[in-house]
Amino acid sequence: MGLTGEVVVERPANREHGDYASNTAMRLARSNSRSPRDIAELLATALRRIDGIKSVEIAGPGFLNIGLAAAAQGALVSTIAQRGVAYGRTETLAGQHINIEYVSANPVGPVHIGHTRWAAVGDSLARLMVATGATVVREYYFNDAGAQIDRFAASLDAVARGEQIPGDGYRGGYIADVAAEVVQANQGLLEEPREKALEVFAHDGIELMFTAIRKSLADFGVTFDVYFNEREMHASGAVEATVRKLRDAGHVYEADGAVWLRTTDFGDDKDRVIVRSDGRPTYFCADLAYYVDKRERGADKVVILLGADHHGYIGRMRSLVSGLGDNPDETLEIIIGQLVNIRGGKMSKRAGNLLTLEELVEAIGVDAARYALVRSSMDSTIDLDLDLWASQTSDNPVFYVQYAHARIASLLRNAADLGHSLPPLAGVPLELLSQEKESDLLGALGEFPRILAAAAQFRAPHRVARYLEALAGTYHRFYDACRILPRADEEPAPEMAPRLWLCETTRTVLANGMGLLGVSAPERM
RNA sequence: GCCCCUGUAGCUCAGGGGAUAGAGCGCUACCCUCCGGAGGUAGAAGCGAAGGUUCGAAUCCUUCCAGGGGCACCA
């Protein structure tokens, strides 16, 4: 037709606008300098010739409203049934090698609520990226040396000796537990010189802490492909090598005894120190080397999830990437997410009473915790109402979704008990799925692959949760309008088999979606 | 002072340029001949403010107001 431009087809909000609708004619009008109505006429004529399209109407300024034949709609059931757990997967991110880093809590304390959000979101995002065809490495970066660790060891040491914890130390309740365990495992430790004791506290304390962290995360359904230790990178000379590379590129200068990176050349608001005046590299310097390492390991996109309190990190990091000769728009993606509040109280790692991952799970369970943390846009601060998420009522969104799944599972069990197990799909008259609520449900199921693709592309796993809530609602409305199993003294209706299959495919989509969020899909509740 | 995020129904939040702005909870009135009522139907109720771009703006731009988070030779 001689037209160029992007084509967008979507489910219209209003059923009167057909099964699918497109604004293509309006989008194309400007670039092709023809009127929207003319283009719409051309497209409509072509579309009407396609098998399975029942009607094409032009509405308003140039919308195309497309109606599908019942058989074409029902065919979706076959598609979903055949693809099963793979339904929804696409290749939209195929070919991309993504390294995604999240949580990265140092082993000086338990995983707190802020980290927990990134555990839930990062894990779901990684699953989405895999489901859309990307090659993904999930990564956890940690440091077990340095000032933070010294304070940790000093805190353990002080508690073990019954002394007061230093002002800049850690004072959570776990400190006493860890200290006791270290002392238990090292008889006579407190009689050793303090230097020696601190070393043991640091080494053993970190090991205990990190084991506990990994267990908490694993119980939460979150594991990583790589646990990356910063210290090893210093030891291998990778940090020095990166400094040399930047120096050779002319981005480095010395002032006040320290080595500075001229990040202002790349838009940062001030230059940054990479080697302190005492000769020790800064954390930022290690981050440079770490980025290089990820790239050398094959990542063409380095994704990092961070809390809002780290947003100042973006400018620095982008400057660095530019200094190394990469284009940060292409290879670096720092996702900043907002923080989590529990009933108004805010979390601080140094403060004694913080809510940990384990405490959260204990209060509301893994499913509710993961769902609650992944259901909101990362740009939104979450105010977590523990009472709501602990409740077993439909106030609780995760229950609403899980209930729909359990209800279907129950229905299919009942059907089997009545001798109506799912029949082979080949002989099922799927074209009978032509009622409004059936059509609505089919339309919703058909959207799933697009939802996943968009959620992965926009790094927005919450879209999956919102979709599942909408799908659960659509199913309940179908269920309310369409009787499936025969009543006591009735024969099965011809619609029974296709409806059973419609239920089964809905169950599949709900389960696939919940799987991407790390939430269980219960057979009964 | 500068930077980032947010402001949508009474509450918690969706809505990444399209048609009459949605969901859950809460409220009001219904559906118990209903396979899981942990469900469904109907109703009241909303884009912080002002400009601008566009055929079309909750969405993009500017300013202002309000809330949150940052601005280290800490991590």
Side-chain angles (χ1 to χ4, degrees), chain A residues 8 10 12-14 16-17 21-23 26-27 29-30 36 59-63 65 104-106 108 143 146-149 151 168 230 255-260 269-270 272-278 280-287 307-315 336-339 341 346 349 372 375-385 388 391-397 399-400 402-404 406-415 418 454 457-458 460 462-463 465-467 469-470 472-473 475-488 496 499 503 524-525:
Chain A
V8 175
E10 58 193 1
N14 189 332
E16 289 167 25
H17 297 143
S22 178
N23 60 8
M26 275 125 64
R27 298 172 74 97
R30 204 169 314 173
F63 289 103
N65 296 333
S104 291
N106 274 337
V108 295
N143 182 22
Q148 207 181 12
I149 303 301
R151 284 203 302 274
D168 59 355
E230 177 186 337
D256 308 326
V259 179
W260 297 70
D269 54 349
K270 65 180 83 160
R272 306 289 170 172
V273 172
I274 54 177
V275 181
R276 299 181 180 92
S277 46
D278 63 8
R280 289 153 49 231
T282 60
Y283 250 62
F284 174 54
C285 184
D287 291 335
D309 49 341
H310 287 78
H311 109 269
Y313 184 75
I314 296 178
I336 294 297
Q338 301 302 305
L339 305 176
N341 298 319
K346 253 179 284 165
K349 192 157 192 175
R375 151 177 217 265
S376 294
S377 156
M378 281 183 269
D379 290 338
S380 293
T381 305
I382 292 181
D383 290 305
L384 212 56
D385 180 342
L388 168 71
S391 73
Q392 313 227 330
T393 67
S394 57
D395 303 18
N396 185 341
F399 266 77
Y400 184 77
Q402 290 183 314
Y403 173 71
R407 193 184 207 188
I408 295 172
S410 166
L411 176 82
L412 294 172
R413 278 196 302 273
N414 291 346
L418 292 170
Q457 183 192 342
F458 298 132
H462 73 278
R463 288 179 178 225
R466 301 302 173 145
Y467 166 80
E469 289 169 32
Y475 176 77
H476 288 312
R477 283 184 283 281
F478 152 76
Y479 181 88
D480 202 61
C482 298
R483 178 80 203 185
I484 299 162
L485 297 177
R487 291 163 216 271
M496 182 182 74
R499 283 179 180 166
C503 290
R524 37 167 64 89
M525 301 170 63

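Below, chain A is the first sequence line, B the second, and so on; all start at residue 1.
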ask   = Under a 3.5 Å cut-off for both distances, is B/rA19 Watson-Crick or wobble paired, and to whom?
value = none

request  = Supply the atom-to-atom distance A/Ile408 CD1 to A/Arg413 CZ, rounded to the nearest 0.5 angstrom.
outcome  = 11.5 Å

Closest to side chain of A/Glu16, choosing from B/rC25, B/rG36, B/rU20 = B/rU20

query = With respect to the phosphate group of B/rA14, does any side-chain polar atom (N or O) of A/Ser380 fall under 4.0 Å of OP1 or OP2?
reply = yes

query = Under 5.5 Å between ring centres and under 30° between planes: true for A/Tyr400 and the base of B/rA38?
reply = no

remark   = pair_partner(B/rG36), Watson-Crick or wobble, both distances < 3.5 Å, evaluates to none

query = Expressed in angstrom and rounded to an integer, what is the separation of A/Glu469 atom CD from B/rG15 atom C1'?
reply = 14 Å

Residue A/Lys270, side-chain atoms from C-beta onward, closest of B/rA19, B/rC73, B/rC71 = B/rC71

request  = Find the partner of B/rG7: check Watson-Crick (N1-N3 plus N6-O4 or O6-N4) and G-U wobble (N1-O2, O6-N3) distances, both under 3.5 Å, and reply none if neither fits.
outcome  = B/rC65

ask   = Would you say the ring centroid of A/Phe478 lies under 6.0 angstrom from that of A/Tyr475?
value = yes

inquiry  = Measure OH/A/Tyr467 against P/B/rG15 and give the value in whole Å, please.
reply    = 16 Å

key: Nearest-neighbour nucleotide for the A/Leu485 side chain, B/rC35, B/rC73, B/rG68 considered   = B/rC35

query = Are A/Asp278 and A/Arg276 within salt-bridge range, i.e. N to O under 4.0 Å?
reply = no

query = If you take atom types as modelled and just measure distance, does the side chain of A/His311 reach the base of B/rG69 with a donor-acceptor pair under 3.5 Å?
reply = yes

task = Mind checking A/Asp278 for me? I need base, sugar-phosphate or nothing, with any heavy atom below 4.0 Å counting as a touch.
result = nothing

From B/rU41, B/rA72, B/rA75, nucleotide with atom closest to A/Asn106 side chain = B/rA75

remark   = Whole-Å distance, A/Ile408 CD1 to B/rG39 P, equals 14 Å

Integer angstrom distance from the P of B/rA9 to that of B/rG15 = 15 Å

request  = Kindly state whether the pair A/His476 / B/rA38 counts as stacked, where counting means centroids closer than 5.5 Å and planes tilted less than 30° apart.
outcome  = no

Beyond-backbone contact of A/Phe458 with A/Arg463, side-chain heavy atoms, under 4.5 angstrom = yes

request  = Return yes if the base of B/rA75 and the side-chain atoms of A/Asp287 contain a donor-acceptor N/O pair under 3.5 Å, otherwise no.
outcome  = no

ask   = If you measure from the C1' atom in B/rC47 to the same atom in B/rU59, how many Å do you get, rounded?
value = 10 Å

task = Write down the distance between CD (A/Glu10) and C1' (B/rG16), rounded to a whole number of angstrom.
result = 12 Å

task = Verify, without hydrogens or angle tests, whether A/Arg499 (side chain) and A/Arg483 (backbone) share a donor-acceptor contact under 3.5 angstrom.
result = yes

task = Quick one: label A/Gln402 by what it contacts on the DNA or RNA (base, sugar-phosphate, nothing), any heavy atom closer than 4.0 Å.
result = nothing

key: Check: A/Met496 and A/Leu485 side chains under 4.5 Å, non-hydrogen atoms   = yes

inquiry  = Regarding A/Cys482, tell me which of base, sugar-phosphate or nothing describes its non-hydrogen contacts under 4.0 Å with the strands shown.
reply    = base

message = Can you say whether a donor on the side chain of A/Arg463 sits under 3.5 Å from an acceptor on the base of B/rG16, or the other way round?
response = yes

Quiz item: A/Ser277 side-chain donor-acceptor pair to B/rC73 base, under 3.5 Å = yes

key: Sugar-phosphate only, base, or nothing, as touched by A/His462 at under 4.0 Å among non-hydrogen atoms   = sugar-phosphate

query = Within the structure shown, what part of the strands sits under 4.0 Å from A/Thr381 by heavy-atom distance: base, sugar-phosphate, or nothing?
reply = sugar-phosphate

task = Determine the contact category for A/Ile336: base if any of its heavy atoms lies under 4.0 Å from a base atom, sugar-phosphate if only primed atoms, P, OP1 or OP2 are that close, otherwise nothing.
result = nothing

message = Using atom C1' in both nucleotides, what's the gap between B/rG40 and B/rA57 to the nearest angstrom?
response = 35 Å

query = At under 4.0 Å between heavy atoms, what does A/Arg487 touch on the DNA or RNA strands: base, sugar-phosphate, or nothing?
reply = sugar-phosphate

Rounded interatomic separation in angstrom, taking CG from A/Asn341 and C1' from B/rU12 = 14 Å

task = Using Watson-Crick or G-U wobble geometry with both distances below 3.5 Å, tell me the partner of B/rC71, or none.
result = B/rG1

query = Across all strands, who's sitting opposite B/rA14 as a Watson-Crick or G-U wobble pair, both distances under 3.5 Å?
reply = none

task = Side-chain contact test, heavy atoms from C-beta onward, threshold under 4.5 Å: evaluate it for A/Thr282 versus A/Arg280 and give yes or no.
result = no

ask   = Base, sugar-phosphate alone, or nothing: which one does A/Met26 contact when heavy atoms must sit under 4.0 Å apart?
value = base

message = Whether A/Arg276 contacts B/rC74 is assessed here as follows: a side-chain N or O lying under 4.0 Å from the phosphate OP1 or OP2. Is that the case?
response = yes

Nucleotide nearest A/Asp309 (side chain, heavy atoms from C-beta), chosen from B/rU41, B/rG70, B/rC73 = B/rG70

remark   = Assign each of A/Pro397 and A/Met525 the nucleotide of RNA chain B bearing its closest heavy atom; nearer the 5' end lies the nucleotide of A/Pro397

ask   = Under 4.0 angstrom, heavy atoms only, what part of the nucleic acid is A/Ala258 near: base, sugar-phosphate, or nothing?
value = base

task = Could you say whether A/Gly60 or A/Val275 is positioned toward the 5' end of RNA chain B, judged by the nucleotide with the nearest heavy atom to each?
result = A/Gly60

query = Rounding to the closest angstrom, what is the interatomic distance between B/rC11 and B/rC27 at atom P?
reply = 15 Å

Pair partner, B/rU41 [Watson-Crick or wobble, under 3.5 Å] = B/rA29

request  = Tell me what A/Ala21 touches on the nucleic acid: a base, only sugar-phosphate, or nothing, going by heavy atoms under 4.0 Å.
outcome  = base

note = Out of B/rC13, B/rG18, B/rA72, minimum distance to the side chain of A/Pro61 belongs to B/rG18

query = If we take the P atom in both B/rA14 and B/rC73, what is their distance in whole Å?
reply = 36 Å

Under 3.5 Å donor-acceptor, A/Arg375 side chain and A/Arg466 backbone = no

Nearest to side-chain heavy atoms of A/Tyr403, which nucleotide of B/rG40, B/rA38, B/rA19 = B/rA38

key: P-based separation of B/rA44 from B/rU6 [nearest Å]   = 31 Å

task = When you get a sec, tell me which of B/rC5, B/rC13, B/rG69 is the closest nucleotide to the side chain of A/Asp379?
result = B/rC5

remark   = Quick note, A/Arg466 side chain, CB onward, closest among B/rG39, B/rC35, B/rC13 is B/rC13

note = In whole angstroms, the gap separating P of B/rA21 from CG of A/Asn14 amounts to 11 Å

query = What is the nucleic acid contact for A/Ala404, judged by heavy atoms within less than 4.0 Å: base, sugar-phosphate only, or nothing?
reply = nothing

task = Check the pair A/Ile484 / A/Tyr479 against side chain to side chain contact (heavy atoms under 4.5 Å, CB included), numbers first and verdict last.
result = CA-CA 8 Å; A/Ile484 299 162; A/Tyr479 181 88; 4.3 Å; yes

inquiry  = Between B/rG18 and A/Asn23, counting only base atoms on the nucleotide and side-chain atoms on the residue, is there a donor-acceptor pair under 3.5 Å?
reply    = yes

Reported CD-to-OG distance for the pair A/Gln338 and A/Ser377, which is rounded to 0.5 angstrom = 8.5 Å

